[in-house]
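Only one structure is covered here, and it is reproduced in the block below.
In what follows, chains are A, B, ... by sequence order, proteins preceding strands, each numbered from 1. Below, each value reflects all heavy atoms present in this structure, side chains not excepted, and no hydrogens, waters or symmetry copies.
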Protein chains: 2
Amino acid sequence: MKGLGELERSIMDILWAENVPLTAREVGRLIEDRDLAPTTVMTVLDRLSRKGFLTRTRDGRAWRYQPAASRDAYVAELMLEALDMTGDRDAALTRFARAVSGSEAEILLKALTELEEE
Amino acid sequence: MKGLGELERSIMDILWAENVPLTAREVGRLIEDRDLAPTTVMTVLDRLSRKGFLTRTRDGRAWRYQPAASRDAYVAELMLEALDMTGDRDAALTRFARAVSGSEAEILLKALTELEEE
DNA sequence: GGGTAGTACTACGTCTTGTAGAGAGGTGAG
DNA sequence: CTCACCTCTCTACAAGACGTAGTACTACCC
């Protein structure tokens, strides 16, 4: 799936945070801290949609962009991808399980047991 | 932590598979399929150790390289890193739990319950 | 002492990412 | 109508990562 650059991720974060599709201009306004040229934002949005992270729909002349998948889905997919990289998935999973902190272990446990019940 | 390139990963795979520290020459011999110049292998090994993925010790004039961490540890770290990227770790974890296949869910479950017992 | 192996340093092409300008075409204000 | 402006698309460029490798120097074996 490939990772995102820093600016790309900032922009994805904005789009993930807002729940409505935004135009390039709106995204640009939300970045503030960095003083980016409007075309910079447009370029990055364009690249992101080309890479499949965003979908876009017309709104007059402008495009409105929105994430193709939720951040959770993206994160989960990254995790699975990391997992695919190992020859010994079980060992990696075990190690991962041991590494997550207590409260998160419980979340995981809960999700897993709910799965079993279904 | 940053990811690895394709050749870098092939080489890490070799070093993870063999359990002994290898010299550049030995690694090169194990790649076969690609017809790489010896210096290519050396360069990549050098970069990998510079990035902290490998440690090396002298053996005569040659260096012997070995992974700084196990593959499992690397994979688990990648997974945790992905997890850190989200604002809502719980949601991502839940989604992840639902995404792992049955047998793997059991591995996870087992590791987690063992944790609790300790 | 010449071939061989090994090192360090340097290099170059390609791809990705951050960053942005140029030019085209529509649109509202006056 | 005309001008200023918005937004788009296209193109560009610098920096860094990676794959790939040559060169030059050293040390060892026979």
Side-chain angles (χ1 to χ4, degrees), chain A residues 1-15 20-68 74 78 81-82 85, chain B residues 1-16 18 20-68 74 78 81-82 85:
Chain A
M1 183 174 36
K2 208 62 192 140
L4 298 174
E6 198 191 332
L7 176 55
E8 289 177 330
R9 193 135 80 207
S10 304
I11 288 184
M12 285 306 294
D13 277 340
I14 287 173
L15 287 164
V20 283
L22 300 181
T23 64
R25 171 145 305 249
E26 288 163 347
V27 171
R29 222 174 281 129
L30 289 171
I31 296 201
E32 316 164 14
D33 44 328
R34 298 207 223 189
D35 196 24
L36 295 175
T39 49
T40 300
V41 178
M42 281 194 283
T43 300
V44 175
L45 285 170
D46 197 55
R47 285 180 185 163
L48 284 170
S49 56
R50 214 170 292 216
K51 289 196 231 174
F53 288 100
L54 299 176
T55 58
R56 62 185 196 176
T57 46
R58 278 284 178 197
D59 179 6
R61 287 142 279 154
W63 291 105
R64 289 199 167 271
Y65 294 86
Q66 77 184 321
Y74 171 61
L78 276 186
E81 208 173 275
M85 225 183 60
Chain B
M1 183 176 31
K2 209 57 192 144
L4 299 173
E6 197 192 332
L7 176 55
E8 289 176 330
R9 193 135 80 205
S10 304
I11 287 184
M12 285 306 293
D13 277 340
I14 286 173
L15 287 165
W16 271 320
E18 309 292 313
V20 283
L22 299 181
T23 64
R25 169 146 307 247
E26 288 162 348
V27 171
R29 223 173 281 130
L30 289 171
I31 297 201
E32 315 164 15
D33 43 328
R34 298 206 222 192
D35 196 24
L36 296 174
T39 49
T40 300
V41 177
M42 279 194 283
T43 301
V44 175
L45 285 170
D46 196 56
R47 284 181 186 161
L48 283 170
S49 56
R50 213 171 294 215
K51 290 196 231 174
F53 288 99
L54 299 176
T55 57
R56 61 184 198 177
T57 45
R58 280 285 178 195
D59 178 10
R61 287 142 281 153
W63 291 105
R64 288 200 167 269
Y65 295 86
Q66 77 184 321
Y74 172 61
L78 275 186
E81 208 175 273
M85 228 184 56

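Nearest-nucleotide positions on DNA chain C place B:Thr39 closer to the 5' end than the other of A:Glu6 and B:Thr39.
Protein chain B touches strand DNA chain C; the 5'-most and 3'-most nucleotides with an atom under 4.0 angstrom of its non-hydrogen atoms are C:dG6 to C:dA11.
A:Tyr65 places its OH atom 12 Å from the P atom of D:dT7, with the value rounded to the nearest Å. Residue A:Met42 contributes atom CE, which lies 5 Å from atom P of D:dC8 at whole-angstrom precision.
Distance check, rounded to the nearest 0.5 Å: OH of B:Tyr74 to CG of B:Leu4 gives 3.5 Å.
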Q: Could you walk me through whether B:Leu45 and B:Arg56 pass the side chain to side chain contact (heavy atoms under 4.5 Å, CB included) test, one step at a time?
A: CA-CA 9 Å; B:Leu45 285 170; B:Arg56 61 184 198 177; over 6 Å; no
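B:Thr23 comes within contact range of no nucleotide atom at all, as no heavy-atom separation falls under 4.0 Å. Across all strands shown, A:Arg34 has heavy atoms under 4.0 Å from sugar-phosphate atoms exclusively, and none from any base. Nucleic acid contact for B:Gly28: none, since no nucleic acid atom lies under 4.0 Å from a heavy atom of the residue.
Sparse packing is recorded around CZ of B:Arg50, with 12 or fewer heavy atoms of other residues, nucleotides or ligands lying under 6.0 Å away.
With D:dT7, D:dA21, D:dG19 as the candidates, the nucleotide lying closest to the side chain of A:Arg25 is D:dT7.
Checked against A:Leu15 for a side-chain contact (heavy atoms from CB on, under 4.5 Å), the options A:Leu22, A:Leu48, A:Val20 give a single hit: A:Leu22.
Of all heavy-atom pairs between B:Tyr65 and B:Leu54, the closest is CD2-CD1, 4.0 Å. Scanning all heavy atoms of the two residues, the minimum distance from A:Arg34 to A:Leu7 falls at NH2-CA, 3.6 Å. In terms of heavy-atom proximity, B:Thr23 sits nearest to B:Ala62 at CG2-CB, 4.2 Å.
With contacts defined as side-chain heavy-atom distances shorter than 4.5 Å, the pair B:Glu18/B:Glu26 does not qualify.
Within residues 46-57 of chain B, the residues approached by DNA chain D to less than 4.0 Å at the level of any non-hydrogen atom are B:Arg47, B:Lys51, in residue-number order.
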